[in-house]
There are 2 protein chains.
Amino acid sequence: MNIKDVADRSGLPAKTIRYYEEIGLIRPLRGANGYRAFRESDLHKLAFLGRARGLGFTIEECRKLLALYEDRDRASADVKALAERHLQDMEVKIAELRAMQATLRDLVASCAGDQRPDCPILTGLASGKACH
Amino acid sequence: MNIKDVADRSGLPAKTIRYYEEIGLIRPLRGANGYRAFRESDLHKLAFLGRARGLGFTIEECRKLLALYEDRDRASADVKALAERHLQDMEVKIAELRAMQATLRDLVASCAGDQRPDCPILTGLASGKACH
DNA sequence: GGTAATCCTTCCAGTTACGGGAAGGTCAAG
DNA sequence: CTTGACCTTCCCGTAACTGGAAGGATTACC
């Protein structure tokens, strides 16, 4: 398989696939013409990576997940721990976003949003009322 | 005021302040020794920027907010529109995170998390069940 | 057999919003 | 006069790619 085929079948851009090889996530073979020659197992890994990335895991987390996936002697507890930590990270991020939203929503609510220049959003940002 | 003073009083790292000057968000004066000489108005702007960043606005959004802040003829509607778009962006991000969380939580819930290698998280990622 | 389109390759640069650290000038205190 | 705390600029590194240039390979078509 050439890179276009795996790109189409995995849903990942060719650029991304090359990048994943560069950082050592996959190691496709090479043909006599220098083209990457992907096996089914490479495609499989790429699909795995695409899904892990889709769940928000970082590349380094994906690397660990892939290592665990390939390790037949892993403990599922290790995988679960990684996933739970990621769930927590996301929880934190959501909380941060929620806090920002709450503050900004208050400011927005108090702004007339008309042609006049008076704007509580700007005065809030200027005066420090933009902190909860 | 030297940079350390504004850093302490604005809560922004000196590095960040230099960066903001570099990208044209502020234009402090210079003393004969080459040191930046910050006015109260610079400090004021930096505090404004720090709060806007704290609400998650990008640098470019902060630039627009600052321009609106300095424009006595602005319409508050313009500010409000910017803020509302940002609220929407955050909403989208939260929704994405929530979706990832939901999927991952299902996988985590079905994983024993013990010393055995069988792991629904990994098989889910491998098989495509990791998509809602 | 020629040529054009579509592949493929590598390499370089840019993105966001800074942070780390080096090399070197300045200033206030003791 | 030296020490330590400042200050300056400059360059590299971050995460995870994306875009594009320059050039080689393959395939389709006439």
Side-chain angles (χ1 to χ4, degrees), chain A residues 1-39 42-43 45-46 48-66 86 89-90 92-93 96-97 100, chain B residues 1-39 42-43 45-66 86 89-90 93 96-97 100:
Chain A
M1 264 184 296
N2 282 346
I3 200 165
K4 183 77 171 351
D5 305 317
V6 266
D8 290 347
R9 290 178 59 189
S10 69
L12 296 172
K15 277 278 191 186
T16 298
I17 296 172
R18 291 196 195 96
Y19 175 64
Y20 285 176
E21 182 192 15
E22 189 187 326
I23 63 175
L25 286 179
I26 53 168
R27 300 190 189 287
L29 302 174
R30 292 291 178 140
N33 52 12
Y35 288 16
R36 288 169 184 82
F38 295 88
R39 291 152 292 187
D42 294 316
L43 175 58
K45 277 194 211 177
L46 286 169
F48 182 100
L49 289 168
R51 288 186 207 105
R53 291 286 299 130
L55 290 182
F57 287 101
T58 67
I59 288 285
E60 287 317 306
E61 286 165 340
C62 289
R63 194 190 298 280
K64 284 178 194 150
L65 284 171
L66 204 49
H86 181 46
D89 293 347
M90 294 172 107
V92 168
K93 271 218 165 173
E96 288 170 359
L97 286 167
M100 293 191 270
Chain B
M1 263 184 298
N2 282 347
I3 200 166
K4 183 77 172 351
D5 305 316
V6 265
D8 291 346
R9 290 177 61 188
S10 70
L12 295 173
K15 277 278 190 185
T16 298
I17 296 171
R18 291 197 194 94
Y19 175 65
Y20 286 176
E21 182 192 14
E22 189 187 328
I23 63 174
L25 285 179
I26 53 168
R27 301 191 189 285
L29 304 173
R30 292 290 178 141
N33 51 13
Y35 288 16
R36 288 169 184 83
F38 295 88
R39 290 151 292 188
D42 294 316
L43 175 58
K45 278 193 209 176
L46 286 169
F48 181 99
L49 289 168
R51 288 186 205 105
R53 291 286 299 130
L55 290 182
F57 286 102
T58 67
I59 289 285
E60 286 317 307
E61 286 166 340
C62 288
R63 193 190 299 279
K64 283 177 196 152
L65 284 171
L66 203 50
H86 181 46
D89 292 348
M90 296 172 104
K93 272 219 163 166
E96 288 170 358
L97 286 167
M100 294 191 269

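Below, all heavy atoms of this structure are taken into account, side chains as well, without hydrogens, waters or symmetry copies. Note on naming: letters A, B, ... go to the chains in the order of the sequence lines (proteins, then strands), and numbering restarts at 1 for each one.
Residues D5(A) and F38(A) fail the side-chain proximity criterion, which asks for heavy atoms closer than 4.5 Å. Contact annotation: the side chain of D42(A) approaches that of R39(A) to within less than 4.5 Å [non-hydrogen atoms, C-beta and beyond]. The shortest side-chain heavy-atom distance between T16(A) and L49(A) does not fall under the 4.5 Å cut-off. Within the 4.5 Å cutoff, no side-chain heavy atoms of K93(B) are placed close to those of K93(A).
Nucleic acid contact for I23(B): none, since no nucleic acid atom lies under 4.0 Å from a heavy atom of the residue. Looking at heavy-atom distances under 4.0 Å, Y20(B) makes contact with sugar-phosphate atoms alone, never a base. Residue R18(A) is in base contact, counting any heavy-atom pair closer than 4.0 Å across all strands shown. Within 4.0 Å (heavy atoms only), R36(B) reaches sugar-phosphate atoms of the nucleic acid but no base atom.
In this structure, CG of N2(A) is placed 10 Å from P of dT26(D), rounded to the nearest angstrom. When rounded to the nearest whole Å, the span between CZ of F57(A) and P of dC17(D) equals 15 Å. Between the CD1 atom of I17(A) and the P atom of dT18(D) there is a distance of 11 Å, given to the nearest Å. If you measure from atom CD1 of I59(A) to atom C1' of dT18(D), you get 14 Å, rounded to the nearest angstrom. When rounded to the nearest whole Å, the span between CD of E21(B) and P of dC10(D) equals 12 Å. Residue R30(B) contributes atom CZ, which lies 10 Å from atom C1' of dT9(D) at whole-angstrom precision. To the nearest angstrom, P of dA16(D) lies 16 Å from CG of L46(A).
Judged by distance alone, with hydrogens and angles left aside, the side-chain atoms of H86(B) form a donor-acceptor pair with the main-chain N or O of L55(B) at under 3.5 Å.
Under the 4.0 Å criterion applied to side-chain N and carboxylate O atoms, K4(B) and D8(B) are assigned as salt-bridge partners. Look at R63(B) and E60(B) and you find a salt bridge, because one of the NZ, NE, NH1 or NH2 atoms lies within 4.0 Å of a carboxylate O, short of that distance.
Distance check: I17(A) CD1 to E22(A) CD gives 14.0 Å after rounding to the nearest 0.5 Å. Once rounded to the nearest 0.5 Å, the distance linking CD1 of I59(B) with CD of E61(B) reads 10.0 Å.
Interface limits on DNA chain C: the 5'-most and 3'-most nucleotides within less than 4.0 Å of chain A heavy atoms are dC7(C) to dC11(C).
At dG24(D), none of the side-chain N or O atoms of N33(A) fall inside 4.0 Å of OP1 or OP2 (strictly under the cut-off).
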**Message:** Between L25(A) and K45(A), is the side chain to side chain contact (heavy atoms under 4.5 Å, CB included) condition met? List the steps.
**Reply:** CA-CA 9 Å; L25(A) 286 179; K45(A) 277 194 211 177; over 6 Å; no
**Request:** Might you work through the side chain to side chain contact (heavy atoms under 4.5 Å, CB included) test for R30(B) and R36(B), ending with a clear yes or no?
**Result:** CA-CA 5 Å; R30(B) 292 290 178 141; R36(B) 288 169 184 83; 3.3 Å; yes
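Closest to the I3(B) side chain, of the nucleotides dT26(D), dC7(D), dA16(D), is dC7(D).
Across the helix from dG1(C)-dC30(D) to dG30(C)-dC1(D), the helix axis at one end is tilted relative to the axis at the other end by 20° (nearest 10 degrees, each axis from five pairs).
Contact between A7(A) and P13(A) at its shortest, heavy atoms only, is CB-C, 4.4 Å.
Contacts with DNA chain C (heavy atom under 4.0 Å) in residues 8-16 of chain B: P13(B), K15(B), T16(B), listed by number.
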